[in-house]
Structure formats: C-alpha cells, structure tokens
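Order of the sequence lines fixes the chain letters, A, B, ..., with proteins taken first and strands second; residue numbering starts at 1 for each chain.
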There are 2 protein chains.
Amino acid sequence: MARKSRAGSNRPTLADVASAAGVSAITVSRTIRSPGIVSEKARRKVQEAIARLGYTPDPAASALASRSSSTIGLLVPSLTNNVFSDVLRGVYDGAQGTRFFVQIGNYRYSALEEEGLIRTFLSQRPAGLIVSSMDQTPEGRRLLQAAPCPIVQIMETGDAIDMSVGFDQLAAVRAGARHLRDRGYRRPGFISARMDPRAQRRLGAFRDVTAACGQLDEARILTTPQPSSVGIGGHLLEQLLARAPDTDAVMCNNDDLAVGALMEAARRHIKVPDQLAICSYNDIEMARHMVPALSAVATPRREIGSRAIAMLLDEIGAPGSVTERHVDLGFEMIAREST
Amino acid sequence: MARKSRAGSNRPTLADVASAAGVSAITVSRTIRSPGIVSEKARRKVQEAIARLGYTPDPAASALASRSSSTIGLLVPSLTNNVFSDVLRGVYDGAQGTRFFVQIGNYRYSALEEEGLIRTFLSQRPAGLIVSSMDQTPEGRRLLQAAPCPIVQIMETGDAIDMSVGFDQLAAVRAGARHLRDRGYRRPGFISARMDPRAQRRLGAFRDVTAACGQLDEARILTTPQPSSVGIGGHLLEQLLARAPDTDAVMCNNDDLAVGALMEAARRHIKVPDQLAICSYNDIEMARHMVPALSAVATPRREIGSRAIAMLLDEIGAPGSVTERHVDLGFEMIAREST
DNA sequence: CGCGATAATGACAGCGCAATCATTTTGTGC
DNA sequence: GCACAAAATGATTGCGCTGTCATTATCGCG
C-alpha cells in the first residue's frame, strides 16, 4: 500500500539492442517494422537481443521520427448508447494484436465538440480515423479532407470523405414502418429521444412512408431532446397514448425506447401486439428475449466496427489498396412477437 | 468521394510560434504548460502568435522530450458489460477538457492479456493508469509497482498497489442475500455468468450468508463461463428451476442476468415476487423500469469512474497531493417490486 | 539609490527513433 | 571466374519538444 516511488526508468533503447546484437540501430528498427528485408541471420541475433534486454519500442520516438503515430482515433457521439458499444467491440477486436491503439473521442452529439476532437486527434498524427457520421461542421469536414491519413465514416451510406461502412438508415426505418403497415396496423406512431441529425432523418423517413399510405398523423409523433433510455421510452409512450389513445402501433427509434415502451404497456395492461404493436430499431441482444419478443430492424453494428477497422488497417498498410471504399452492410427487418 | 491525397503537412512548430512572437521557444512551451510563470506581456504575445499560426503542440515530441505522454490508460475486462460502460462514462467525462487522452485496453477477462496490455501501456509512458481489478498476474503486479506513474485500481476495496476507488463487493452481495432472507425467502439460489475471480468471490460471499442461516443448497447455485447476457440469464433460471423447482428466490450476479431471469419467469407464468423473488446486482438504469421493477444492489459505477480519474489527475498534477488514497464509495440495497 | 532576492527568460543539448542516401555484401548468368 | 544487379546494412541527420542550468530583468526595502 506504499506510495509509488517515481524512480527514473532505464529502459533499453534501440541503440542498446543494436550493440548487444552487434548490428546497427537501423537494422534493429527494420527487424521490428519490416522483418522481410532483413537477413535471417541478423534477424535472429536482433530478436534474441530484444528478448534478452526486454526491449519495447518507444511509440513517442517512433511517432516523432516517422511523423505518424500508431493511434487510431474513433469518434463516437455517445458512450452510453448501446449502439456504439457494439461498434466499439468490433473495432477493438479488429485492432487486437496489431501495433495500433484505438483512442476513443466522445463528442456527446455536439458537432462543435466533434470538430474540436478532430483537431485534437489530428494533432496526434493518427494512423487512421473512424468517425461516426457524415454530419461534421464545414470546418470539421475540411479538416478531415486535408488529413494525411485514411478515414472511415461509419453508420450510414452517403457522401463520404474517404471511405465508409454503414447501411441505409432511411431504408431501414422505412422497412420498419412498412412492416407495421403490412401487419395491418393503421394508426402508427413514432417515438424518439435525442434528436441528432440522423434521428431527424429517420423520422423524416417514417413520415414519408406513413404519408404515402395516408396514415401520417403528427399527433402520433413524439420526440424529446433528452438522451435515450428505458425510462424515457416509457414516458414517451405514456404521452403518446395521452395525445392519441387510439394509436395501434409504435415505431421506436432505439431499443432502449422500445423496451421502455413495452414495460409501460405492461404496466397499463395494454396487450402487445393485439392492442399495440411495438417495433424496435437496432436490435440489441436483449430485444429478442423480452416478453413478448420485440420485432426489430436489426442493424449490423458490430460488423460495421470490424469492417471499418479492417479497411483502415488495409489502407494504412498499403495506401490505395482498398478498392471497395464504400460498403453497405444492409439491415434486416426481424418480425417477432411484438408486432 | 475522391481518394485522399497524402500531402506532407507543414504544421507550424514551437519554434515558428517563438519567432513570430519574438520570444524563445522555451517561453512558448511554458505559456502552454504553466502560464503562471510567464509574464503577462509575453503570454499575450505568444497566445496571439499561436492563434494566428493555428499552432497545435505535437504530443509525440512532447512525450519524447518529457519522458511522459498525455495518455491515461484504462484497462477493462470487457467492453460489452454495461458495468464498464458506466465506469467509462465517468472517466471520459472527468478527462474532458484536460490535456489528457484516455486509451482503453480490453483484456477480455484474461489476466494474461491484461499483463500484455500493462506492458504495452507502460511502453507508452502514460501519465497515469486505471485498472479494473486487483487480480493481476504476479508479473503484472510487479510491472505496476515499478511503473513511474500513479495508478488507480477500481471496483473493489482491498490490497491496492497505489490508489483505489471501489466498494466492498462481498458486503454488497451479502446485503442482497440478507435482503432476500429478511423478506422471508428460504430457498435462495444464485446465478452467475463469466466466473472471473471477482464473480467467484461474490459467489463465496453468497455461500457464506446462506450457509450461516442454514439455507445453503449447492443445487441452487448455477454458473457458466459464458459471457453474461439477457439470454444467458433466462437459460440459467430455466436450468436452476429444472434442478431445484422449489427455489423461491434468486440472486443474480448481474443486471443482464436478472432481466433475463425476469423474462424467463414471465414466459413460464411464474409470479414475481410471489412465487419467485429476483434480486439484481449493479442496478443499471433499466432495472428500475422493468415490470415488476427489479430490486437490486446498486453499485456506484459512474462515480467510481469519475472519482478515479479525478484522483489520477490530482496526483499527476502534484505527486503526493492525494491524501485519501483508498476510497470506499459504498453501495445500496434498493428494494423494489421483484422481492 | 543600491543591494540582495526573486521572477522571468534564454541557450543548449538530447529524448529514441526513422528517413535518406551511401556503402558493402551476396547472388546471378554466362 | 567475372561483371553486374540486387539485397542487406550502416552513418548521419533531424523530427519537435522539454530539462537543465545560466543569465537577465524586476522588485522590495533600508
């Protein structure tokens, strides 16, 4: 339990390894970064010396000398939202075992904070960047365009700066809305929290579909700027039913909301799906285990993360080598018991 | 959509700012890092030059020269587990606006992977480290002890290396078990996934309490090495009831499991809490919104994160200044409808 | 006004590695 | 066995910043 002493460490350096192995420093550097161009004999000597001295490279020195760090920046709008924790897992699993570190920046759904983070990340000369939207500020977009590293924009399809991995969010919402219509529901509502630009666009897609079949009723659309949560889902359904008691289906912009709505329905002894259908969005693990099991538009969050990091690593390894630069991973409308 | 050009950037350096401001480089460095010791006049000149040139410091060069980076390492066993996403939020919110970056390492409940990450993180000369347990390998522990930076171990109380923030996990489980007993349940079970050392110890605490009042029955204890999830919670309850159908209460080692158990009970038309009580552990937001609302041992995850980063930043700023080096944040048994 | 004390500033070197280009060694074909 | 190409290795330099210590400006006080 003693306080730590802050003794100066005497870590071995490249030069130490070099003299121990009887080669020059640069040969050591090369055996580490590109073993292929070093002779079998030298490589063995160096590796032996590295192991014996317990050498680990100093990433700061490497970054300074090469003008590029081994950091990969990942910008997300939220750490709470389950959607991004799945993406995160995909990214981390893909970065596992490489020489790259992932550094997360949370811009809390603020484009201004995002711009600041872009600036901060770029000052680190990252090896690559993954950003969670196409909705940067003009300045943020300019910074990304000028960045000397590959960039993957995730979650959506659309006008990407460099590369992108996502799916058509609007088509996904439309699929949910059509599913409700096809199941015979005629008075569908929509609830959403945290109206960031993407949520706004999804609501637009819902309006389009319901308007097209004459079912659009603004009284059934309820949103709040608060962050999404199970509790908020319950509240939103409560308010929706107060305003439009004959609503017979509700499209939820998020799994949290759907679970909250489902619980609120249970509390009010509203039968799901007979009296009220609930359709969820994203389909986190929990959704399928609810009673009744939640129908949902399933989105490939984990795959987005792992594909994004894979593309980035490829492109970092060999710039220009990634030919499929814009990937649409699709989505799936999964009907379960709640509709 | 065009591919990015990889043009060499011509970022301004400290020296550029210095000559633009008519001072020496070191003065610029000081106005950035400790403005207090620079004269008003010089500071204004420098700040003006920084703004005019759009200068941003190069963290790699800084790290190399000062032998300490502005990275704070955060080691967690899982990115999936909601518990850690709350901790993460606390940490990120606390690091917001400082000059430090948080870098997450996920060791996937493997002490060996953790040891590797400790090594990797230390090679970056981090400003500080937050680690999620006291269960390092001997070598991992040695590395931490020798590390030239402050370290906070989180989640538990106990034999910490440098500083710690947590609560008494065993007392927390005992509180849950006693709560069930006090409510009159006599045949309590226990379900747990992912039996890491901490989960093992918590199970031990449950055994202690139930044995003390003659209610211990190993047939009612069910564990699995699989990761925790809502689905697993349902399965575990199913198996538990198959083995010991008269079980009248179940302590769940995690909110996921509790929700899964609750849903499984609903599926089987088992009345909660009349036929079966369910007590959860951690109390994520969702728990209180279930129907029936889940009783839970609430743990201060977010506070652990924010307190840990605060202690770390204090100690980095002024080594030795943190006097309360071992903080117990406590827990709370919250009785709701499910018991 | 002058002395010592303190605050403010600067010169210089070096942190550990990789880019560049020069040099040496090895391999190839006839 | 030789000329040549290709592979392997090395010497030097500098990335951008901060630590150290020396130097200069500023202040308080008798």
Side-chain angles (χ1 to χ4, degrees), chain A residues 6 8-47 49-50 53-71 99 122-125 127 148 316, chain B residues 6 8-47 49-50 53-71 99 122-125 127 148 316:
Chain A
R6 301 282 143 69
S9 64
N10 281 326
R11 288 170 42 167
T13 69
L14 250 193
D16 297 334
V17 176
S19 65
V23 298
S24 72
I26 190 65
T27 300
V28 178
S29 173
R30 284 196 273 247
T31 47
I32 292 171
R33 292 179 307 148
S34 32
I37 64 169
V38 175
S39 71
E40 176 70 28
K41 205 176 58 179
R43 205 187 316 153
R44 266 211 309 275
K45 280 192 297 185
V46 169
Q47 280 165 346
I50 287 177
L53 300 183
Y55 168 76
T56 39
D58 183 327
S62 167
L64 183 58
S66 69
R67 286 167 206 73
S68 164
S69 73
S70 40
T71 297
R99 64 183 191 86
L122 288 180
S123 81
Q124 295 197 62
R125 306 175 184 279
I316 291 168
Chain B
R6 299 283 141 71
S9 65
N10 280 327
R11 286 170 45 167
T13 70
L14 249 194
D16 297 335
V17 175
S19 66
V23 297
S24 73
I26 190 67
T27 299
V28 177
S29 174
R30 282 196 274 249
T31 51
I32 292 170
R33 290 180 307 150
S34 34
I37 63 168
V38 174
S39 71
E40 176 70 29
K41 205 176 63 184
R43 204 186 318 152
R44 266 210 310 276
K45 279 192 298 186
V46 169
Q47 280 165 346
I50 288 177
L53 300 183
Y55 169 75
T56 39
D58 183 327
S62 168
L64 183 59
S66 69
R67 284 164 209 75
S68 165
S69 72
S70 40
T71 297
R99 65 185 189 84
L122 288 179
S123 81
Q124 296 197 62
R125 308 175 185 276
I316 291 167

To the nearest angstrom, how far is [X] atom [atom1] from [N] atom [atom2]?
{"X": "B:R125", "N": "C:dG16", "atom1": "CZ", "atom2": "C1'", "answer": "8 Å"}
{"X": "A:R11", "N": "C:dC15", "atom1": "CZ", "atom2": "P", "answer": "13 Å"}
{"X": "A:R99", "N": "C:dA18", "atom1": "CZ", "atom2": "C1'", "answer": "12 Å"}
{"X": "A:R33", "N": "C:dC17", "atom1": "CZ", "atom2": "P", "answer": "11 Å"}
{"X": "B:L64", "N": "C:dC15", "atom1": "CG", "atom2": "P", "answer": "9 Å"}
{"X": "A:L14", "N": "C:dA19", "atom1": "CG", "atom2": "C1'", "answer": "14 Å"}

Nearest heavy-atom pair of B:T13 and B:Y55: which atoms, and what distance? C-CE1, 3.5 Å

Could you pull out the closest heavy-atom pair between B:V38 and B:R43, with the gap in Å? O-NH2, 3.2 Å

Checking B:V23 against B:V46 for the side-chain contact (heavy atoms from CB on, under 4.5 Å) test, could you report, in this order, the C-alpha distance in whole Å, the side-chain angles of both residues, the deciding distance, and whether it holds? CA-CA 8 Å; B:V23 297; B:V46 169; 3.8 Å; yes

Nearest 0.5 angstrom please: [X] [atom1] to [Y] [atom2], how far?
{"X": "B:K45", "Y": "B:K41", "atom1": "NZ", "atom2": "NZ", "answer": "6.0 Å"}
{"X": "B:I32", "Y": "B:Q47", "atom1": "CD1", "atom2": "CD", "answer": "9.5 Å"}
{"X": "A:I37", "Y": "A:T27", "atom1": "CD1", "atom2": "OG1", "answer": "9.0 Å"}
{"X": "A:L14", "Y": "A:I26", "atom1": "CG", "atom2": "CD1", "answer": "8.0 Å"}

Begin from the C-alpha positions of B:T56 and B:R11 and carry the test side-chain contact (heavy atoms from CB on, under 4.5 Å) through to its verdict. CA-CA 8 Å; B:T56 39; B:R11 286 170 45 167; 4.1 Å; yes

Both A:A63 and B:A61 contact DNA chain C. Taking the nearest nucleotide for each, which residue is further toward the 5' end? B:A61

Strand-adjacent residues in residues 36-47 of chain B, judged by heavy atoms under 4.0 Å from DNA chain D: none

Under 4.0 Å from any atom of DNA chain D, heavy atoms only: list the residues of residues 21-30 of chain B that qualify, in numerical order. B:I26, B:S29

Between B:L53 and B:D16, is there a side-chain heavy-atom distance shorter than 4.5 Å? yes

Just so I know, are the side chains of B:S69 and B:P59 near enough to count as touching, which here means a heavy-atom distance under 4.5 Å? no

Quickly, which of B:R67, B:R125, B:Q124 forms a side chain to side chain donor-acceptor pair (under 3.5 Å) with A:D58? Name it, please. B:R125

Covered region of DNA chain D, 5' end to 3' end, by chain A [heavy atoms, under 4.0 Å]: D:dA8 to D:dG16

